[in-house]
K.L.:
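This is the structure I want to talk about, given as C-alpha cells.
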2 protein chains.
Amino acid sequence: MIDALAVVMEDIPRDECLALLRQLSVGRVAVSGRAGSPFVVPVNYAIDGETIVFRSDGGRRLRDLVDHPVSFEVDLVDPMHRTGWSVLVEGLAFASERPVDGVVVDPWAPGPKSHWVRIVAGSVTGRRIRRVGPGSDPRAYV
Amino acid sequence: MIDALAVVMEDIPRDECLALLRQLSVGRVAVSGRAGSPFVVPVNYAIDGETIVFRSDGGRRLRDLVDHPVSFEVDLVDPMHRTGWSVLVEGLAFASERPVDGVVVDPWAPGPKSHWVRIVAGSVTGRRIRRVGPGSDPRAYV
C-alpha cells in the first residue's frame with residue numbers, strides 16, 4: 001500500500017527542529033578531519049536552550065572539536081514505511097571542565113568524561129520524508 | 001541492574017565493521033562544508049563489496065560530494081541498555097548516471113535520483129559500547 005502514496009520531502013522549521021532535538025538523546029557530532037573526510041561519532045547529549053551539551057574525555061579528538069565549526073545530526077527513520085526525518089545543527093563547539101548548570105549528561109561510554117562540550121547552534125535545518133495520500137494522517141510520520 | 005555491570009568501549013575490527021554495514025540500510029554521508037562545519041545527511045544505501053552505493057539528484061550537494069574525501073557513518077544504539085556501536089567509513093566519492101551493476105538502491109526520497117554515488121572505502125573503523133558482568137552474554141549487545 002506504500003506504493004499508492006505520494007512521497008514528499010519537506011523542510012522542517014527551526015522551532016520544530018529544536019523540539020525534535022529535545023526528543024532524542026543520541027546524536028552524531030561531526031567535525032572536519034585533517035584528512036578532509038569528516039570525523040563522525042555518536043554521543044549521548046542533553047539540550048540547554050539552543051545549546052547541545054555532551055561530555056568527552058580530553059585528547060586529540062577534543063582538541064579537533066573545540067573552538068571549531070562542527071555539526072550535530074539527529075535522525076529517526078522508519079524502514080518499514082521508508083519515512084523519517086533528520087535535523088542538522090551547525091555551530092561552534094566550546095569545552096570546559098565546569099559542568100553546565102542544571103544540565104544532566106550521564107555518558108554511556110566509560111571514562112571520566114570530565115570535559116563538558118557545548119555546541120552553540122547557529123544554523124538549524126531539518127528535512128522530513130513522508131508519504132501522503134487520500135485519508136492518510138499528516139501526523140502519521142516518524 | 002545495569003549499574004552492576006562494567007562498561008567497556010572496544011574497537012571493532014574492519015571485517016566486522018563491513019559485516020555491520022551490510023546489516024543496515026540507512027547511514028549518514030558527511031562531507032566537509034564550505035563554512036567549515038560538515039554537511040551530514042541520512043541516505044538509504046546498499047553495499048557492493050567494500051563500496052557504499054546510494055542515489056542522489058544532481059546539484060550543488062552532489063558537486064560538493066564527488067571526487068572529494070567523504071565519510072559515511074552507521075550506528076545502532078539501545079537507549080534502554082545504554083549500549084551501541086558505530087562504524088565510520090572514510091573514502092572517496094564518485095558519481096555516475098550509469099547504475100552500478102547488480103546493485104539495487106530504491107531511494108526513499110522523491111525525485112529521479114539519477115546519479116549513482118559510490119563511496120570507495122579507505123579507512124573503516126568502528127567502536128562498540130557494551131556492558132559486561134558475571135554471567136553476561138558477550139553477544140548480548142545491539
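Just so we're on the same page: letters track the sequence lines, and every chain starts at 1. Keep in mind the model is a prediction, meaning the values are calculated, not measured.
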K.L.:
Mind checking whether V29(A) and L24(A) sit in one hydrophobic cluster, side chains of I, L, V, M, F, W, Y counted as touching below 4.5 Å?
P.N.:
yes
K.L.:
Taking side chain to side chain donor-acceptor pair (under 3.5 Å) as the cut-off, I'd like each qualifying pair that reaches into residues 40-51 of chain A, sequence neighbours left out, listed once.
P.N.:
R14(A)-E50(A)
K.L.:
Honestly curious: do L18(B) and W85(B) fall in one hydrophobic cluster under the side-chain, below-4.5 Å linking rule?
P.N.:
yes
K.L.:
Working to the nearest 0.5 angstrom, can you tell me the gap between R28(B) CZ and E73(A) CD?
P.N.:
5.5 Å
K.L.:
Find out if a path of hydrophobic residues (ILVMFWY) with successive side-chain heavy-atom gaps under 4.5 Å connects V74(A) to I12(A).
P.N.:
yes
K.L.:
Could you tell me which non-hydrogen atom of S32(A) sits nearest to which non-hydrogen atom of G36(B), and how far apart they are?
P.N.:
OG-O, 2.9 Å
K.L.:
In this structure, would L92(B) and V100(B) fall into the same cluster of hydrophobic residues linked by side-chain contacts under 4.5 Å?
P.N.:
no
K.L.:
For R98(A), which residues count as a side-chain contact (heavy atoms from CB on, under 4.5 Å) partner, sequence neighbours excluded?
P.N.:
S96(A)
K.L.:
Check each atom of V87(B) against the heavy atoms of chain A and say whether the ones under 4.5 Å are side chain, backbone, both or neither.
P.N.:
neither
K.L.:
Which atoms form the tightest heavy-atom contact between L88(B) and V40(A), and what is the distance?
P.N.:
CD2-N, 3.7 Å
K.L.:
Do any of residues 105-127 of chain B come closer than 4.5 Å to chain A, heavy atom to heavy atom, and if so which ones, in number order?
P.N.:
D106(B), P107(B), W108(B), A109(B), P110(B), R127(B)
K.L.:
With a 4.5 Å cut-off on side-chain heavy-atom distances among I, L, V, M, F, W and Y, is there a chain of contacts connecting V43(B) to V31(B)?
P.N.:
yes
K.L.:
For chain B, find its close neighbours in residues 63-72 of chain A: heavy-atom separation under 4.5 Å, sorted by number, or none.
P.N.:
P69(A), V70(A), S71(A)
K.L.:
Out of S25(A), P79(A), G91(A), return the one with the most heavy atom pairs under 4.5 angstrom to chain B.
P.N.:
P79(A)
